[in-house]
Amino acid sequence: MEPLIAAVRAQDEAARFLAWPGDFELDRGDHGEEVHLASGAALEGFAGDGAGGTYFFCGEGGEERPVLYADSEGGAALIAVGLPELLRLLLVAPWWRDCQEFTAEESRETAAEYLDDMPDLPARRDRAAKALGLTLPSAAEALERLREVALGKREEFVLVLTSEGHPYEPLFGPS
């Protein structure tokens, strides 16, 4: 089976959707400052967003590894367990960063703003998912899973700014 990263690179329509509205680009894996996991586990930047955020694989292995997202403002959270889960989240709820409470209402309000700007978003999303061979959950299911992952085992995925020794703040919930 072809790695999913290779599939994203090979599928132009999927890569375009993930770039926008997903704000996820495989060519932006450098975080810009040295960071490490407090646990000492391996950390590999593999993608980024337009605002300087980075997606990292945590630990050893392949695309099934946990995915941590760190923004450029000093916030970080585990957001998916494996690349397929991350891409499902980005496809069905590219507005995930704006859903601090993980509620369906919050998602619907933000989705409406996206749909005003991109009425063809659902059709583009479905074509991208098909091109990648992914079945999609609902946005509510994806956000519930994000809540479980982000608020779950936080202590195992604390990101530290190496030069100062300070941990990043959690992106979700109480610090």
Side-chain angles (χ1 to χ4, degrees), residues 3-5 7-8 14-15 17-33 35-39 41-104 106-108 110-111 114 125 128-129 132 134-161 167-175:
L4 199 47
I5 286 178
V8 170
F17 185 93
L18 290 168
W20 191 256
D23 202 11
F24 172 89
E25 296 181 47
L26 289 172
D27 296 333
R28 295 181 182 245
D30 179 26
H31 190 56
E33 52 191 11
V35 293
H36 66 275
L37 288 174
S39 67
L43 191 65
E44 177 190 346
F46 69 94
D49 65 22
T54 308
Y55 295 89
F56 296 94
F57 283 126
C58 301
E60 301 295 330
E63 294 178 349
E64 76 286 352
R65 292 178 284 173
V67 177
L68 182 126
Y69 172 78
D71 67 20
S72 61
E73 303 298 317
L78 187 69
I79 60 169
V81 179
L83 185 59
E85 187 172 278
L86 172 64
L87 295 182
R88 286 182 187 103
L89 172 65
L90 296 173
L91 288 166
V92 301
W95 47 83
W96 65 271
R97 289 176 201 89
D98 297 323
C99 293
Q100 293 290 304
E101 302 299 320
F102 310 104
T103 65
E106 184 180 42
S107 180
R108 276 191 304 276
T110 307
Y114 275 70
R125 174 204 59 218
L132 296 174
L134 295 172
T135 54
L136 297 178
S138 68
E141 291 167 331
L143 290 171
E144 175 58 24
R145 178 63 181 150
L146 173 62
R147 186 191 66 72
E148 290 172 12
V149 171
L151 299 180
K153 299 178 182 182
R154 287 186 185 191
E155 64 280 351
E156 295 177 36
F157 299 97
V158 174
L159 189 66
V160 176
L161 179 58
Y168 275 50
E169 293 295 321
L171 283 178
F172 304 103
S175 299

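This one's a predicted model, so the numbers in the text were calculated from it and none came from an experiment. Residue numbers count from 1 along this sequence.
In this structure, CG in L90 is found 6.0 Å from CG in L18, a value given to the nearest 0.5 Å. For the atom pair CZ (F56) and CD1 (I79), the distance works out to 11.5 Å, reported to the nearest 0.5 Å. Residue L136 holds its CG atom at 5.5 Å from CG of L91, rounded to the nearest 0.5 Å. Separation of atoms CG (L151) and CZ (F102) is listed at 4.5 Å; rounding is to 0.5 Å. Going from atom CG of L4 over to atom CG of L87 covers 5.0 Å, rounded to the nearest 0.5 Å. If you take CH2 on W96 and CG on L89, they are separated by 7.0 Å, rounding to the nearest 0.5 Å.
Counting only distance, with no hydrogens or angles, the side chain of E106 and the backbone of Q100 share a donor-acceptor pair below 3.5 Å. In terms of modelled atom types and a separation under 3.5 Å, the side chain of E33 and the main chain of L161 share no donor-acceptor contact.
Within a 6.0 Å radius of CD in E155, other residues, nucleotides and ligands contribute more than 12 heavy atoms. Summarising the local packing, CD of E73 is surrounded by 12 or fewer heavy atoms from other residues, nucleotides or ligands at distances under 6.0 Å.
Contact between A80 and V149 at its shortest, heavy atoms only, is N-CG1, 3.7 Å. Closest approach of C99 to F172, counting heavy atoms only: O-CE2, 4.2 Å. The two residues G29 and T54 have their closest heavy-atom pair at O-CG2, 3.6 Å. Smallest separation of non-hydrogen atoms from A76 and L68: CB-CD2, 4.2 Å. Contact detail for V158 and P167: the closest heavy-atom pair is CG1-CB, 3.7 Å. Contact detail for S107 and A139: the closest heavy-atom pair is OG-CB, 3.9 Å.
Residue pairs meeting the side-chain hydrogen bond (donor to acceptor under 3.5 Å, both in side chains) criterion with at least one partner in residues 82-92, sequence neighbours excluded, are E85-R145.
Scored by the side chain to side chain donor-acceptor pair (under 3.5 Å) test, T103 finds no partners at all (sequence neighbours excluded). Checked against ring-ring contact (aromatic ring centres under 6.0 Å, His included), Y55 has the following partners two or more places apart in sequence or in another chain: F24, Y69. Legend: residues meeting salt bridge (charged side-chain N to carboxylate O under 4.0 Å, His left out) with R65, ordered by chain and number and at least two apart, are E44. In terms of the side-chain contact (heavy atoms from CB on, under 4.5 Å) criterion, residue partners of P21 (sequence neighbours excluded) are, by chain and number, F17, P94, Y114, M118, L121, R124. Contacts of E144 classified as salt bridge (charged side-chain N to carboxylate O under 4.0 Å, His left out), with partners at least two apart in sequence or in another chain: R147.
Salt bridge annotation for R97-D71: absent, with no cationic side-chain nitrogen under 4.0 angstrom from a carboxylate oxygen.
For the pair L159/L43, a side-chain contact is recorded, criterion being any heavy-atom separation below 4.5 Å from C-beta on. Counting heavy atoms from C-beta on, the side chains of V67 and F57 come closer than 4.5 Å. The closest side-chain heavy-atom distance from R125 to V92 is below 4.5 Å.
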